[in-house]
Amino acid sequence: MGFELTVDRIEKVKDGYVVAGERDQQDVKIKVKKLYGAKEGDIVECSGGKLTVLREKTNKRREQILKLQKELSD
């Protein structure tokens, strides 16, 4: 079983990528060979060196952010 991570930053390195993000209010960095479609701002599950984008959770998070931005601009 893996863990969930909110992707803050992705860096290309020699033999893959370093994905930095937040898990349970702690900063985490993991190294993976492929991104499997993950990009900054996504919520992913990390398991065995493989990332799986959690589309439903990511979309809900993005909707919440847009709602908050709209409320702040009103």
Side-chain angles (χ1 to χ4, degrees):
M1 185 70 182
F3 61 91
E4 288 184 19
L5 176 73
T6 302
V7 179
D8 291 330
R9 189 175 66 249
I10 298 173
E11 297 175 28
K12 176 78 172 127
V13 293
K14 183 177 178 181
D15 55 347
Y17 300 88
V18 173
V19 178
E22 189 175 296
R23 174 181 179 230
D24 298 330
Q25 299 179 349
Q26 291 190 352
D27 292 330
V28 176
K29 285 186 179 181
I30 59 169
K31 188 173 180 184
V32 294
K33 291 187 183 233
K34 292 175 135 183
L35 292 175
Y36 299 97
K39 58 185 183 281
E40 293 175 352
D42 286 348
I43 298 173
V44 298
E45 182 177 346
C46 307
S47 181
K50 183 176 178 182
L51 300 178
T52 303
V53 179
L54 303 175
R55 296 282 178 216
E56 190 172 319
K57 286 186 176 186
T58 297
N59 289 339
K60 284 182 183 179
R61 179 178 180 270
R62 291 179 196 268
E63 287 172 9
Q64 289 173 340
I65 291 170
L66 288 173
K67 183 181 175 184
L68 288 172
Q69 287 175 335
K70 186 175 188 292
E71 287 176 3
L72 289 173
S73 67
D74 289 345

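In what follows, every heavy atom counts, from backbone to side chain, and hydrogens, waters and symmetry copies are set aside.
- A salt bridge links E11 to R9: one of the charged nitrogens lies within less than 4.0 Å of a carboxylate oxygen.
- Between L66 and Q69, some side-chain heavy-atom pair lies under the 4.5 Å cut-off.
- Under the 4.5 Å side-chain heavy-atom criterion for Ile, Leu, Val, Met, Phe, Trp and Tyr, I65 and V7 are members of distinct hydrophobic clusters.
- Rounding to the nearest 0.5 angstrom, the gap separating the CG atom in L35 from the NZ atom in K12 is 8.5 Å.
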I'd like a table of donor-acceptor pairs (distance under 3.5 Å, sequence neighbours excluded) in which one partner is a side-chain atom from residues 15-34, with atom names and distances.
from, atom 1, to, atom 2, distance (Å)
D15, OD1, K31, NZ, 2.9

Could you pull out every donor-acceptor pair under 3.5 Å between side chains of residues 38-51 and any protein atom, sequence neighbours left out?
from, atom 1, to, atom 2, distance (Å)
E40, OE2, I10, N, 3.3
D42, OD1, R62, NH2, 2.6
D42, OD2, K39, N, 3.0

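- The residues K60 and E56 are annotated as salt-bridged, a charged nitrogen and a carboxylate oxygen being separated by less than 4.0 angstrom.
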